[in-house]
Amino acid sequence: MDRNDYDVWKRFVAKYGITESSIMLMLTNDNSLLDRYAIEYLDAYMRRKFSKSAFIFYTEKSSLSLDERHVFQSNGIKYVSISKEEMQELYNLYCSYEFNKNIVFTYINYPETNLLQRILNETEINEKEIVCLALYKLREIPK
Amino acid sequence: MYDQEIKRVKCELQKLDEEGIFENRKIGLFGFSDNSKQIIHLLRERGKNPSFVLDNDTKKQNSLCAGVEVLAVQMLESLQEECVILIYSKFWQEMEKQILSISANNIYVYVMYKRNISFNEVYEEAENGEKLYYQLTKEFGCNKLFLCPYTGTGDIYLIGTFWEAYVKKNNLKEYIFIVITSACEKVTRLFEIKNVVALKRKDDSERLIQYYMMNRETVDLKLLNDSWAKDHANVIEWFRGFKGLNFRIMFSKFVFDFPSDSWGKHAKTNLFCQEVKSIFQKQNLEEGKTVVISPYSNTLSELPDVFWIKIAKALKHKGYIVCTNCGNEKESEIKGTIRVSFPLHYAPQFVQKAGFFLGVRSGFCDIVSGTSARKVILYNRDERFYNSSAYEYFSLNETYICEETYELELDLKKLEEGFKDVLQLLVNEKI
């Protein structure tokens, strides 16, 4: 890692018009069910963050169909397709430096200290609970 | 908050105080957290007593945070008096927005959290961490680091109980084991842990972590914690207490990769400890007839002094010698009891010899959990720890295989009833 690595984020902000209050959900397709719950509970996360707009970034190989994206689409949420490499590059920086408090990645087994895959494999905790408690830190599962 | 950060917050509080910001205003904090507890203590040092702590978590509302009542944020809507809300949280942005959304002109908000940490600052932190990393690896001739970045002595004890099995499982020959306080270092002495280093500055542990975070593939450092906030790639903290994941399971599973049903091995107690013997002689304590009371806790809430004074009086009346374990100068003995102070690695021997132990759940309870002394551990019934009650998460009997250990959740509003139960459990007598 060197000092120029931060440019990855600066380029991302400029390219997609990210503002200070933008929520960014990065769907990694590591676990498609988890990605779906992340979309389903995004409004609860937005309420928690007092934000009215969000970006959902997904990779070209996302398991979400165009129809599904349409169903989930609502006011203030913008879907943007990016390359897997671009998402990974941004996450690599994020793992070193939390450049933004409003960004959530749905990676579950990288880096080594990301224990979400193990949580799924070795406990009774499910994808919905991971989204609400771990990724969005909502403290409880909204009813 | 550590070293530099505490200093910074202390200075900010002093500035606010000198500017008269707290004058004739209620003081509140936003967020039930260790940081809020630290700020409450810093305010008390200045003679200021916060009136409330706000938290959105309904499970935490109506409990106590360092003795201060925890309330819902909505209470601000009906608050007539002027108040100052202090925020120290990485979620400061939404907290500030939430308070500002309550259109009241009697509320002043101060964000004490360092708002934006630049990449350059973080990079510099990592560079300092790198220097320290090379210094340590050079000194010990190995590059495998284990880091305990917390002050919790109970966490170190729990780590110690699994350490032998972990070393064996991973065939570890050489490593450096880093802690951040001398108290934690004392606890490591109870176990066969090699190359222990107590960092001189607590901030250094954060520098090491930042260096690791920027070089995850090449730096061989393992954090001995289930979910340490600085490493934001690990997001499992809110599973603490969820679906039965208690203190022991979170560590055995997510720190050591052992199955959920693994139990650690207690430290061996040296019953012929000369230092303990001389403290007993000096203080006129009696073997098997002394109650060690431990009223202080960093993580969980404490009980009012009147409760302890009453307990101590009743025990003395029954012929027991009562002493208070005081870990530092700030901790004073309960009125009417003998002040005792000893390094933590003598704690098991001390309590074993005393015969009886009564304390609020703290790291000290972990350290003495392997003794056969009769032990009563107290919890505040209303206190939460993440997704469970403090008792469910930290229960000593669920953390270790313990002898003679009784645990009691007290209703702070009905301490009179609790008082009777405590005495009955401790000395089998009705008062």
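The sequence lines fix the lettering, A, B, ..., with proteins before strands; numbering per chain opens at 1. Just so you know, these numbers use all the heavy atoms, side chains as well, and skip hydrogens, waters and symmetry mates.
Neither the backbone nor the side chain of B:Ile249 has a heavy atom closer than 4.5 Å to any heavy atom of chain A. Heavy atoms closer than 4.5 Å to chain B are found in both the backbone and the side chain of A:Ile130.
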So between chain A and chain B, what donor-acceptor pairs come in under 3.5 Å?
from, atom 1, to, atom 2, distance (Å)
A:Met1, O, B:Tyr123, OH, 3.3
A:Arg3, NH1, B:Asn120, OD1, 3.0
A:Arg3, NH2, B:Glu127, OE1, 3.4
A:Lys49, NZ, B:Glu94, OE1, 3.4
A:Lys49, NZ, B:Glu94, OE2, 3.2
A:Tyr94, O, B:His232, NE2, 2.4
A:Cys95, O, B:Arg216, NH2, 2.8
A:Ser96, O, B:Gln210, NE2, 2.7
A:Ser96, OG, B:Met213, O, 3.4
A:Tyr97, OH, B:Ile117, O, 2.5
A:Tyr97, OH, B:Phe119, N, 3.3
A:Thr113, OG1, B:Arg216, NH1, 3.1
A:Thr113, OG1, B:Asp231, OD2, 2.7
A:Arg118, NH1, B:Asp257, OD1, 2.8
A:Arg118, NH2, B:Lys253, O, 2.9
A:Glu122, OE1, B:Lys253, NZ, 3.3
A:Glu124, O, B:Lys243, NZ, 2.9
A:Glu129, OE1, B:Lys243, NZ, 3.0
A:Glu129, OE2, B:Lys243, NZ, 3.0

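Considering CD1 of A:Ile125 and CZ of B:Phe242, their distance stands at 6.0 Å, rounded to 0.5 Å.
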